[in-house]
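Have a look at the structure below before the remarks.
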Amino acid sequence: LKAAGINRLSFGLQSSNERELSALGRIHSPKEAAETVKSAQSAGFDNISLDLMLGIPYQTEETLLESIDFCASLGVQHISSYMLKIEEGTPLSKSELRFLCADEEKVSDFYLFACEELSKRGFEQYEISNFSRIGFESKHNLNYWKRGEYIGVGVSASSFMQGKRFTNTFDLDEYMKCIISGFYPAVTSEEVNTDDAKFEFIMLALRTSAGVDMNAYKQAFGTSLAEDFPNALKKTVSYLELDGDFIRIKDEYLYVQNSILMPFMEEERAKN
């Protein structure tokens, strides 16, 4: 991979606690995770990310802090920390272990605790769930959040080019036939209309610690945020703050971004 030009790797650690990993059905151990990171570093990778999960069975602040310290001790440059959401139909949703997961209030406590402890260790938050050392922010993620163009390669992958969204087939055999025949395997394509694009711009930008660049918004659409979403701004004003030319979600409310976005979504839908 290194020889092929790949310069960044991300590993799904989730936790450095054996009991928590077992509850999640993960087959790796903390020792194996550490060896994997060290192997990648030996191969020449100096841009490595690890995933941590919040609110998983058996987790406490003490074990979460141990996981954070475990990541920091490996000398990685980036940590993604996601709050567990139990999806209907998954093994965890049918297991008694679901009752050992943290409730919403406790998950929010874990989130704020993780933000504080990661910052102490030099990992600055630049997006709701992403923390990095200075200069190691994920470029491809930042591209998504700025509505930049991208090409998705592989089964079910999505692309966004020239205002259109494409999604590849979900069928592996069909995908391979397309590749062998020399055809791009996109099976769905949709034009993103202006109102949807405006909401996407806000939704993605509000994920970041910087927030919505109001000048960039006006340059993209020719209108202001206040003109397009006056009602949503009134409803969410207590959760937002003005920082120069940017409107951003206050740090203490980042983890409830989805709820804050609802008024914007409702106002956008009312126009369609």
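The line from CG of Leu142 to CG of Leu204 is 11.5 Å long, rounded to the nearest 0.5 Å. Taking CZ from Phe201 and CH2 from Trp145, the interatomic distance works out to 15.0 Å, rounded to the nearest 0.5 Å. To the nearest 0.5 Å, atom CZ of residue Phe11 and atom SG of residue Cys71 are 12.0 Å apart. Residue Arg133 holds its CZ atom at 7.5 Å from CD of Gln77, rounded to the nearest 0.5 Å. Taking CZ of Phe221 as the start and NZ of Lys218 as the end, the distance is 13.5 Å to the nearest 0.5 Å. How far CZ of Arg248 is from CZ of Arg207: 14.5 Å, rounded to the nearest 0.5 Å.
For CG of Leu172, the number of neighbouring non-hydrogen atoms (other residues, nucleotides, ligands) closer than 6.0 Å is greater than 12. In the displayed structure, Glu227 atom CD is contacted under 6.0 Å by more than 12 heavy atoms of other residues, nucleotides or ligands. Within 6.0 Å of the CD atom in Glu191, the count of heavy atoms belonging to other residues, nucleotides or ligands exceeds 12. By the neighbour-count criterion of 12 heavy atoms within 6.0 Å, atom CD of Glu104 is sparsely surrounded, having that number or fewer from other residues, nucleotides or ligands. The 12-atom threshold is exceeded at CG of Leu242, counting heavy atoms of other residues, nucleotides or ligands nearer than 6.0 Å. The number of heavy atoms from other shown groups lying within 6.0 Å of NZ (Lys2) is above 12.
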Report task. Determine, stepwise, if the pair Gln14 / Arg26 fulfils side chain to side chain contact (heavy atoms under 4.5 Å, CB included). Result -> CA-CA 9 Å; Gln14 317 311 348; Arg26 303 290 166 145; 3.4 Å; yes
Query - side-chain hydrogen bond (donor to acceptor under 3.5 Å, both in side chains) evaluation trace for Thr169 with Glu174 - result: CA-CA 7 Å; Thr169 174; Glu174 184 182 353; 3.0 Å; yes
**Report entry** Worked check of side-chain hydrogen bond (donor to acceptor under 3.5 Å, both in side chains) between Asn168 and Ser156
**Finding:** CA-CA 5 Å; Asn168 292 349; Ser156 78; over 6 Å; no
Requested in this report: Take Leu65 and Glu62, measure what side chain to side chain contact (heavy atoms under 4.5 Å, CB included) needs, and give me the verdict at the end.
Outcome: CA-CA 5 Å; Leu65 185 59; Glu62 289 73 23; 5.9 Å; no
Requested in this report: Take Gln257 and Ile249 through the test side chain to side chain contact (heavy atoms under 4.5 Å, CB included) and record every step on the way to the result.
Outcome: CA-CA 8 Å; Gln257 183 233 23; Ile249 297 176; 3.6 Å; yes
Requested in this report: Give the intermediate values and the outcome of side chain to side chain contact (heavy atoms under 4.5 Å, CB included) for residues Glu124 and Phe131.
Outcome: CA-CA 5 Å; Glu124 295 303 316; Phe131 307 77; over 6 Å; no
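Residues passing the ring pair (Phe, Tyr, Trp, His ring centres under 6.0 Å) test with Tyr239 are Tyr253, sequence neighbours excluded. A search for salt bridge (charged side-chain N to carboxylate O under 4.0 Å, His left out) contacts involving Arg147 returns Glu200, not counting sequence neighbours. Residues forming a salt bridge (charged side-chain N to carboxylate O under 4.0 Å, His left out) with Asp109 (at least two apart in sequence, or on another chain): none. A search for salt bridge (charged side-chain N to carboxylate O under 4.0 Å, His left out) contacts involving Lys120 returns Glu116, Glu117, not counting sequence neighbours.
A salt bridge is absent between Asp213 and Lys146: the closest approach of a Lys/Arg side-chain nitrogen to an acidic carboxylate oxygen does not fall below 4.0 angstrom. A salt bridge between Lys250 and Glu241 is absent, with no side-chain N of the basic residue lying under 4.0 Å from a carboxylate O of the acidic one.
Looking only at distances, no side-chain donor or acceptor of Ser95 sits under 3.5 Å from a matching main-chain atom of Arg98. Of the possible donor and acceptor atoms, none in the side chain of Ser119 sits under 3.5 Å from a partner among the backbone N and O of Cys115.
Side-chain N/O atoms of Ser80 and Asn130 include a donor and acceptor closer than 3.5 Å. No side-chain donor-acceptor contact under 3.5 Å links Asn17 and Thr63. There is no side-chain donor-acceptor pair under 3.5 Å between Tyr126 and Asn141.
Sorted pairs that involve residues 160-183 and meet ring pair (Phe, Tyr, Trp, His ring centres under 6.0 Å), not counting sequence neighbours, are lacking altogether.
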Anything under 3.5 Å between a donor and an acceptor, one on a side chain of residues 43-54, the other on a protein residue two or more places apart or in another chain? List them.
| from | atom 1 | to | atom 2 | distance (Å) |
| --- | --- | --- | --- | --- |
| Ser49 | OG | His78 | ND1 | 2.8 |

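Shortest non-hydrogen contact noted between Ile68 and Arg121 is CG2-CD, 3.6 Å.
Two rings, from Tyr150 and Tyr144, have their centers less than 6.0 Å apart. Not less than 6.0 angstrom separates the ring centroid of Phe264 from the ring centroid of Phe199.
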